[in-house]
Trainee: 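Structure below; questions to follow.
Atom set for the values below is all heavy atoms of this structure, side chains included, hydrogens, waters and symmetry mates excluded. The residues of the chain are indexed from 1 along the displayed sequence.
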Amino acid sequence: MDKKHIIKDENKIIFYLSKDIYDVKTIMKTAYNFIEEFYIILNYINDNIEVILEGKSRKNSNEMEKYQGEFYNELLRQNVRYIVAQDTKNIRELVMGRALYDTCIEYEDNVQEDELNEKNADLNDQLDILVNWFDKNEV
């Protein structure tokens, strides 16, 4: 990033990020992490995204430069997370699908075991401690 694209003020800093390098989602997630300290404005300017950070409290130019560096570091973190999420999307979907698929199947021996457990629970639970309130009171 070249310095002519960075405008610093006492309480405001404006810089530009390339849409080719950073996804808009990662820029927004990064900006969200700075929302407590700054008013943040994002604009599309040609092939770039303009980022305006304006301090909610008074900050000098050295502090603003530090926050800009922190913004770049967080932007890199969020971009790597996004890339990893894209790269592992299919695997995560397979694992979740497999895990949920097994929980949806009811086996015959489980049905018989559940019926036996219900009969035993009725005998052992005379105070209705183990009874679901909704099952007992729904009309």
Trainee: To the nearest 0.5 angstrom, please state how far the CE atom of M96 sits from the CD1 atom of I91.
Mentor: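 M96 CE to I91 CD1: 14.5 Å, rounded to 0.5 Å.
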Trainee: For E50 and F15, run side chain to side chain contact (heavy atoms under 4.5 Å, CB included): C-alpha distance rounded to whole Å, both residues' side-chain angles, the deciding distance at 0.1 Å, then the answer.
Mentor: CA-CA 6 Å; E50 178 184 54; F15 53 96; over 6 Å; no
Trainee: If only atom types and distance count, is the side chain of T26 paired as donor or acceptor with the main-chain N or O of Y22 below 3.5 Å?
Mentor: no
Trainee: Please determine if E74 and R77 form a salt bridge, counting it only when a charged side-chain N lies under 4.0 Å from a carboxylate O.
Mentor: yes
Trainee: Starting from the C-alpha separation in whole Å, work towards a yes-or-no answer on side chain to side chain contact (heavy atoms under 4.5 Å, CB included) for I49 and V24.
Mentor: CA-CA 8 Å; I49 296 176; V24 175; 3.6 Å; yes
Trainee: What is the distance from atom CD1 of I45 to atom CG of L17, rounded to the nearest 0.5 Å?
Mentor: 12.0 Å
Trainee: How far apart are the closest heavy atoms of T30 and L75, and which atoms are they?
Mentor: OG1-CA, 3.3 Å
Trainee: Quick check for you: to the nearest 0.5 Å, what is the distance between Y39 atom OH and E54 atom CD?
Mentor: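 These two atoms lie 8.0 Å from each other.
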Trainee: Would you give the length of the straight line joining atom CD of E63 to atom CD of E70, rounded to the nearest 0.5 angstrom?
Mentor: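 Separation between the atoms: 12.5 Å.
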Trainee: Of K29, M28, K25, which is the lone residue that meets side-chain contact (heavy atoms from CB on, under 4.5 Å) with Q78?
Mentor: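 That would be K29; it is the only one of K29, M28, K25 passing the side-chain contact (heavy atoms from CB on, under 4.5 Å) with Q78.
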Trainee: If you measure from CG on N43 to CD1 on I14, what distance do you get to the nearest 0.5 Å?
Mentor: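 N43 atom CG to I14 atom CD1 measures 9.5 Å (nearest 0.5 Å).
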Trainee: Where the side chain of R92 meets the backbone of A85, is there a donor-acceptor pair that is under 3.5 Å apart?
Mentor: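 Side chain of R92 to backbone of A85: a pair is present.
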Trainee: Please answer whether the main-chain N or O of G55 pairs with a side-chain N or O of N11 as donor and acceptor at a distance below 3.5 Å.
Mentor: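 Side chain of N11 to backbone of G55, a donor-acceptor pair under 3.5 Å: yes, one is there.
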Trainee: Given the rule that I, L, V, M, F, W and Y join up when any side-chain heavy atoms are under 4.5 Å apart, are I21 and I83 in one cluster?
Mentor: no
Trainee: Measure the CG-OG distance between N46 and S18 for me, rounded to the nearest 0.5 Å.
Mentor: 11.5 Å
Trainee: Identify whether I41 and Y16 are in the same connected component of the hydrophobic contact network (ILVMFWY, side-chain heavy atoms under 4.5 Å).
Mentor: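 Result: yes, single cluster for both.
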Trainee: So if you build clusters from Ile, Leu, Val, Met, Phe, Trp, Tyr with side-chain heavy-atom gaps below 4.5 Å, do L42 and L53 land together?
Mentor: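 L42 and L53: one cluster.
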Trainee: A cation-pi test, strictly: NZ or CZ of K59 under 6.0 Å from the centre of the six-membered ring of F38 and no more than 45 degrees from its axis. Yes or no?
Mentor: yes
Trainee: Has the side chain of N60 got a donor or acceptor atom that lies under 3.5 Å from a matching backbone atom of N62?
Mentor: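 At least one qualifying donor-acceptor pair exists.
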Trainee: Is the Y67 ring parallel, tilted or perpendicular to the F34 ring (thresholds 30°, 60°)?
Mentor: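 The rings of Y67 and F34 stand perpendicular, inter-plane angle above 60°.
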Trainee: Would you indicate whether E36, at its atom CD, is surrounded by more than 12 heavy atoms from other residues, nucleotides or ligands within a distance under 6.0 Å?
Mentor: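 12 or below, so no.
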Trainee: State, with a plain yes or no, whether a side-chain heavy atom of Y32 is found less than 4.5 Å away from one of I40.
Mentor: no
Trainee: Return the minimal non-hydrogen interatomic distance between K56 and I35, and the atom names on each side.
Mentor: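 Looking at all heavy atoms of both residues, the shortest contact is NZ-O, 2.9 Å.
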Trainee: Run the side chain to side chain contact (heavy atoms under 4.5 Å, CB included) check on I52 and K12 step by step: do they pass?
Mentor: CA-CA 7 Å; I52 302 171; K12 182 192 293 188; 4.0 Å; yes
